[in-house]
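These notes are about the structure you will find just below.
Sequence lines set the chain letters: A, B, ... in the order given, protein chains first and strands last, and positions in each chain run from 1. Treat the numbers as computed from the prediction; the structure is a model and nothing was measured.
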2 protein chains.
Amino acid sequence: MDMNERKKKILHSIINEYIKSAEPIGSRHVARNLDIGLSSATIRNEMADLEEMGYLEQPHTSAGRIPSDKGYRLYVDSLMNDYELTVPDMTALGGTLEWQLGQIDKIIKKASVILSELTNYAAVLTTPEMKRGAIKTVELVPVDNSSALIILVTNEGVMKHKRVLLPAGTDTEFVHRFSALLREKLSGLTLDEISATKISEIRRAMQAHFELLFPILDFIADVIDDVRAETEVFTSGATNILSYPEFSDVKQAKEFLEFLDDKNAVAGILNTDDETGTQNNGGITVRIGQENALDIMKKSSVITANYYVGNRVMGKLGIIGPTRMDYSKTIAKIKKISAMLNRLLYELYVDEE
Amino acid sequence: MDMNERKKKILHSIINEYIKSAEPIGSRHVARNLDIGLSSATIRNEMADLEEMGYLEQPHTSAGRIPSDKGYRLYVDSLMNDYELTVPDMTALGGTLEWQLGQIDKIIKKASVILSELTNYAAVLTTPEMKRGAIKTVELVPVDNSSALIILVTNEGVMKHKRVLLPAGTDTEFVHRFSALLREKLSGLTLDEISATKISEIRRAMQAHFELLFPILDFIADVIDDVRAETEVFTSGATNILSYPEFSDVKQAKEFLEFLDDKNAVAGILNTDDETGTQNNGGITVRIGQENALDIMKKSSVITANYYVGNRVMGKLGIIGPTRMDYSKTIAKIKKISAMLNRLLYELYVDEE
DNA sequence: ATTAGCACTCAACGAGATAGAGTGCTAACA
DNA sequence: TGTTAGCACTCTATCTCGTTGAGTGCTAAT
């Protein structure tokens, strides 16, 4: 059995149609409504072939056909057309222009909200792996007599803070001086470079004046570890999936929403960098149905893109929806948003350096 | 028609039973399974009375009866028994003991998660109204040559930060000195006390040395305004509601989940301090079905409690679920958690002052 | 005052019957 | 040889209709 142009054209039409209607497509429908100049009988034969080749499936004998994962895969890789963002799409993006100078977290959160609103699927987004980020500044802010705040800012605009208890009788000026020492020792280092040995080194340097604050050092090591390990996951628009007939069963829908609530599981889905998902173009990865590792995702597709600060990958953003997804449109939208995000982050955190 | 003890007992039994089964309760069932020493016929008469009085409803002629909002109201106000937390409940609360010294936000978030897990309803929680909070410390942390971080800590442990651009050529030492001035001027003031006049006063004090930093002052005013206005809303376990037959219709479930995503709407529900919802006991408010203002809530009930730092109300926590709710159990659990939260916050932010 | 008994109501369920969409196959056709 | 018309066949979805059973309200007996 060979794959000719005509088969491709028919498959393309069927998938386009099924994406819209969610109803199995019959030969008659293809012959009438989609302008391929062939009779339903001929189409019927071709569809039988396409099924044998694994691109289509039949829910039952007397129903039309629906695309298989393999069908979608072909569609994504070589059939579908590029989608041009429309005016309404662009106006929906208008809000992004209002992004303010602020914490990277907020920008990122906003991006995921926009993505979910624009696509009508569930948007997911991971924050940076920080291992290779560098410390821009460290500050120990005294809050009252017994506690202070450790504040850590990295060159990617990420900020972390933690409250620590101070040994009794520590005075404010003292804390400020220690803060200066910390800053001097740690500024410019990448998080990876701050090892246990580095910490001991600081401990030695403290010997002279700051014995009192030894316990604090452990807290600081903690915060750094936290930042290093942590990659947060935001989801947005999870309830969107309830709009699709694929999730009309409440039990399944509940399972799926609970899965989306489980940050770790979602992070897993985003970070599986296997070769199955084609790196289509512009760094977009599409993983269709069975190509996903987790059982609960076998009937869904994931589209992800990386985002950057300068040329370092910071995290991923993407959407999750039913395999019957408008791939072309959605890919265009993700590309657009990740491009906007990249530009913005570049302006904020690279330009000014 | 008068309300005698027997009627109350029957109503009580019916509601208890309906809370468990979600099925309309018939006279026969009451006579057999719940030990009221009466025949089904007698119960039937009593139930007809209770319906006429508005405490029960009939979905259709040949079905059993279900409680009305009025029925639940009577139940909550004077029928139901106190619920003793069981051992499994307590172990579920065990996790709370691990609460760490940290930001108040995290504690509060954790509390809402525990609440939703413990009750199996959707938990909601609002953070403090900050108007009357006092500033514990202000710090301006230089991040690099062109930007700094404003950090604001209040006596309730809330921390806010914002990144600001520095005028070209500002040096670090300069920023630190300005930071000290700010701290001196603002520490101890409540947010309400920091008016425009106060800001101008600082501006005058700066005159001598800090003209360069005038623009920063506006940012600081911004941050303070933010903190003052802001009351955050956390929700947790929203998907729990999908377990209940009341929400088995996907369309309705979607609407409801979207409502729970709308922080403003949820805040509205929590903050309506009207007289309808009885202040039952221990500061618990129960609002049943129609007693809620919003249409989408007319088939749900809300149970809320205030929580405090010391003796100042900080915010509310509560749950939202179907009117067929296990009021007794849920109230006990909310009481318990708000008590734990109060104690913890007291220890953290009052004790040490 | 309570209860047994009975006629009545109505949703839920299951069994056909029917309609309709779609298929595969065969034979005719260009 | 590729395409198409026609037809028998399959199978789901939908509707009708009778049955079942839970539950009620009313009446008359206790």
(request) Decide yes or no, distance alone: a donor-acceptor N/O pair under 3.5 angstrom between the base of dG22(C) and the side-chain of Arg32(A). (result) no
(message) Using a distance-only criterion (donor-acceptor N/O pair, under 3.5 Å, no hydrogens), is the base of dG6(D) paired with the side chain of Arg44(A)?
(response) yes
Enumerate the protein-to-nucleotides 26-30 of chain C contacts in which both atoms are nitrogen or oxygen and the separation is below 3.5 Å.
none

Is there a donor-acceptor contact under 3.5 Å linking the side chains of [X] and [Y]?
X	Y	answer
Ser243(B)	Lys254(A)	yes
Asp49(A)	Tyr55(A)	no
Ser116(B)	Ser236(B)	yes
Tyr75(A)	Asn16(A)	yes

Review item, nucleotides 13-16 of chain C N/O atoms under 3.5 Å of protein N/O:
none

Nearest-Å distance for atom pair [atom1]/[atom2], residues [X] and [N]:
X	N	atom1	atom2	answer
Glu46(B)	dT3(C)	CD	C1'	13 Å
Arg6(A)	dT1(D)	CZ	C1'	12 Å
Leu50(A)	dT23(C)	CG	C1'	15 Å
Met47(A)	dG24(C)	CE	P	9 Å
Glu23(B)	dA12(C)	CD	P	10 Å
Asp2(A)	dG2(D)	CG	P	11 Å
Asn4(A)	dT3(D)	CG	C1'	14 Å
Ile43(A)	dG2(D)	CD1	C1'	14 Å

(request) Looking only at non-hydrogen atoms, find the nearest pair between Gln58(B) and Gly64(B) and report the distance. (result) CG-O, 3.6 Å
(message) Ignoring hydrogens, what is the shortest heavy-atom contact between Thr330(A) and Tyr121(A)? Give both atom names and the distance.
(response) OG1-CE1, 3.4 Å
(message) Can you work out whether Ala41(A) or Pro24(A) has the more 5'-proximal nearest nucleotide on DNA chain C?
(response) Pro24(A)
(message) For Tyr327(A) and Tyr83(A): C-alpha separation, side-chain torsions, deciding distance, then whether ring pair (Phe, Tyr, Trp, His ring centres under 6.0 Å) applies.
(response) CA-CA 9 Å; Tyr327(A) 292 95; Tyr83(A) 174 81; over 10 Å; no
Taking only Lys NZ, Arg NE, NH1 and NH2, and the carboxylate oxygens of Asp or Glu, determine whether [X] and [Y] approach each other closer than 4.0 Å.
X	Y	result
Arg65(A)	Glu57(A)	no
Asp77(A)	Arg73(A)	yes
Glu291(A)	Lys298(A)	no
Lys9(B)	Glu5(B)	no

(message) With the threshold set at under 4.0 Å for non-hydrogen atoms, list the residues of residues 56-63 of chain B touching DNA chain D in residue-number order.
(response) Gln58(B), Thr61(B), Ser62(B), Ala63(B)
(message) Return the NZ to CG distance between Lys335(A) and Leu85(A), rounded to the nearest 0.5 Å.
(response) 10.5 Å
(request) Would you indicate, yes or no, if dA4(C) has its OP1 or OP2 atom less than 4.0 angstrom from a side-chain nitrogen or oxygen of Arg28(B)? (result) no
(request) Under 4.0 Å between any heavy atoms, over every strand shown, what does Ser40(B) touch: base, sugar-phosphate, or nothing? Just pick one. (result) nothing
(message) Quick check for you: among dA4(C), dT23(C), dA5(D), whose closest atom lies nearest to any side-chain atom of Ser39(B)?
(response) dA4(C)
